[in-house]
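This report concerns only the one structure given below.
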Amino acid sequence: MRRASIIGRAASRRRPSLALAALPLVLVLTSCGGVSRADGTGGGLGGRTDGKGSPTLNVGDQKGGSEAMLRAAGELDDLPYTIKWSTFTSGPPLLEAVNAGAVDVGAVGNTPPVFAGAARSKIKVIAGSHSRSDGEAILVKKDSPLRSPAELKGKSIAVAQGSSAHYQLIASLRAAGLSPKDVTLDYLQPADALAAFTRGKVDAWSVWDPYTSQALDQAGARILTTGQGLVNGLSFQVAAPAALDDRAKSAALKDYTARLRRAQDWVFRHPAAWAKTWAKATGLPEGVARDAVRRTRGTAVPVAVDRAAIGSEQRIVDAFAALKLIPRSFDFGELVDPRFNGGLPPSGTAPRTYGKAQ
């Protein structure tokens, strides 16, 4: 990983080395969802190929993401085109690959498109889903004296820059009457953030599921606060304009997004089966996978990328621009291609839930 950038009171510090005690958990996390890189570039590494025939969709994925879900739901069994998978550590490097034309489409949270748009990346948001935000959390150690977000003032927090957790952190600080200037932000990808968190090099960690569930289970973490009620819970499929302009690839993208919607329906109906399959495919403990499914991953509802979604994302743009965490403000609507919205419910449709008893 590149050296952490620091905002706030402290200057850059050296990234913490990996503690032996943290090694098993780091290995599981970095293996989730297939092959990924942790060499500092954040880039994707090619995984397996599915389907046959033309065209070939180059699909960017994250740990335990689209590939695993589609495979478990049987949605990769009859592909009339080819999918070549690449796995990335988080949304920002995935969108760098979309911008470069190395990836045709990929799934990201609500914040990576904001950073990509501010950098004038060539991307288009083509599909959305709405999930609960319980898995978007700020974690502290169980023995930490911190009991409320307001107590984060003067503390150091690990977060992946430009990730959905980044905005969740900003929103949580703002709700507590704080700003990023009141804390020290260590910009670290999840594996390095985990090492820092485990060794006590940071006071808190802002992250997303399944990392949240795994840290709670294996890293002595507890939740300080979540994004529920603070963030929009949206995630997106983001495509390269060149792929959308290609008639064959555009047809494949329409089919691919439909398969994702069916797979998400399958996940909600079969949480235990999905958790078991996901755990086996990724190396996650089954209990952790089950917690992540019920907390966040199984609650997603496919929704339209409509005016309400654009407005909600625009508020994220404005928040980051006001804090000068992105180089410019822009109209988020310019990033949206609504051609696959037909028949989908509004973006504000309530996420699914498994209920408190489950």
Side-chain angles (χ1 to χ4, degrees), residues 59 61-62 64-70 72-76 91 105-114 117 123-136 164 167-168 171 208-209 226-239 243-244 250-271 273-274 292-317 331-356 358:
V59 179
D61 199 12
Q62 296 187 53
S66 301
E67 179 187 358
M69 184 173 70
L70 289 165
E75 290 291 342
L76 296 178
V105 67
V108 299
N110 61 5
T111 304
V114 169
I123 63 169
K124 288 292 182 181
V125 176
I126 63 169
S129 63
H130 187 203
S131 306
R132 290 189 59 82
S133 300
D134 305 84
E136 296 272 352
S164 60
Y167 181 68
Q168 189 269 124
W208 61 93
D209 255 334
T226 74
Q228 194 64 33
L230 292 176
V231 299
N232 60 23
L234 294 174
S235 57
F236 301 109
Q237 292 292 323
V238 180
L244 290 165
S250 179
L253 286 169
K254 182 177 181 179
D255 177 81
Y256 176 73
T257 55
R259 289 172 187 268
L260 285 171
R261 293 194 296 271
R262 293 195 298 268
Q264 189 64 61
D265 291 341
W266 182 90
V267 164
F268 179 71
R269 294 194 306 269
H270 304 89
W274 163 235
V293 169
R294 296 185 182 277
R295 180 179 285 114
T296 307
R297 291 301 186 94
T299 70
V301 175
V303 294
V305 188
D306 54 17
R307 290 184 179 180
I310 292 170
S312 181
E313 289 295 299
Q314 189 64 49
R315 288 189 284 275
I316 300 178
V317 172
D331 179 0
F332 189 86
E334 294 177 354
L335 300 183
V336 173
D337 186 322
R339 71 178 72 181
F340 303 135
N341 271 350
L344 289 173
S347 61
T349 301
R352 296 153 166 155
T353 178
Y354 292 101
K356 291 183 179 180
Q358 303 194 39

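Below, all heavy atoms of this structure are taken into account, side chains as well, without hydrogens, waters or symmetry copies.
Checked by atom type and distance alone, the side chain of Arg297 pairs as donor or acceptor with a backbone atom of Asp209 at under 3.5 Å. Between the side chain of Thr296 and the backbone N or O of Gly135 there is at least one donor-acceptor pair closer than 3.5 Å. A donor-acceptor contact shorter than 3.5 Å links the side chain of Gln62 to the backbone of Ala107. Using a distance-only test at 3.5 Å, with no hydrogens or angles considered, no donor-acceptor pair links the side chain of Ser312 to the main chain of Asn232. Of the possible polar contacts, one joining the Tyr354 side chain to the Phe268 backbone as a donor-acceptor pair under 3.5 Å is found.
Ion pairing between Asp265 and Arg261 fails under the 4.0 Å rule for side-chain N and carboxylate O.
Shortest non-hydrogen contact noted between Lys124 and Asp337 is CB-CB, 4.2 Å. Closest approach of Ser66 and Tyr256 over heavy atoms only: CB-OH, 3.5 Å. Annotation for Gly128 and Phe236: closest pair CA-CD2, 4.0 Å, computed over non-hydrogen atoms. Across every non-hydrogen atom of Thr257 and Ala127, the tightest pair is CG2-CB, 4.2 Å. Ser164 and Thr111 get closest at one heavy-atom pair: CA-OG1, 3.5 Å. When all heavy atoms of Val108 and Gly91 are compared, the closest pair comes out as CG1-CA, 3.7 Å.
Interatomic distance, Glu136 CD to Asn110 CG, rounded to the nearest 0.5 Å: 6.5 Å. Here Arg352 contributes atom CZ and Arg269 contributes atom CZ; the two are 8.0 Å apart, rounded to the nearest 0.5 Å. The OG atom of Ser131 lies 6.5 Å from the CD atom of Gln264; values are rounded to the nearest 0.5 Å. With rounding to the nearest 0.5 angstrom, the CD1 atom of Ile126 is 13.0 Å from the CG atom of Leu335. Between atom NZ of residue Lys254 and atom CG of residue Leu244 there is a gap of 13.0 Å, rounded to the nearest 0.5 Å. Taking CZ of Arg295 as the start and CZ of Arg132 as the end, the distance is 11.0 Å to the nearest 0.5 Å.
Remark: Leu76 engages Asp50, Leu70, Arg71, Leu79, Ile83, Trp85 in a side chain to side chain contact (heavy atoms under 4.5 Å, CB included) (not counting sequence neighbours).
The distance between the ring centers of His270 and Trp274 does not fall below 6.0 angstrom.
Between the side chains of Asp306 and Ser347, a donor-acceptor pair is found at a separation under 3.5 Å.
Contact of the Pro345 side chain with the His130 side chain is not registered, since no non-hydrogen atoms from C-beta on lie closer than 4.5 Å.
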Stepwise side-chain hydrogen bond (donor to acceptor under 3.5 Å, both in side chains) check, Ser129 with Ser235: CA-CA 5 Å; Ser129 63; Ser235 57; 2.7 Å; yes
Step-by-step side-chain contact (heavy atoms from CB on, under 4.5 Å) determination, Val303 to Leu344: CA-CA 5 Å; Val303 294; Leu344 289 173; 5.8 Å; no
Verdict with reasoning, Glu313 to Val317, per side-chain contact (heavy atoms from CB on, under 4.5 Å): CA-CA 6 Å; Glu313 289 295 299; Val317 172; 5.6 Å; no
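Within a 6.0 Å sphere centred on CZ of Arg307, heavy atoms belonging to other residues, nucleotides or ligands number 12 at most.
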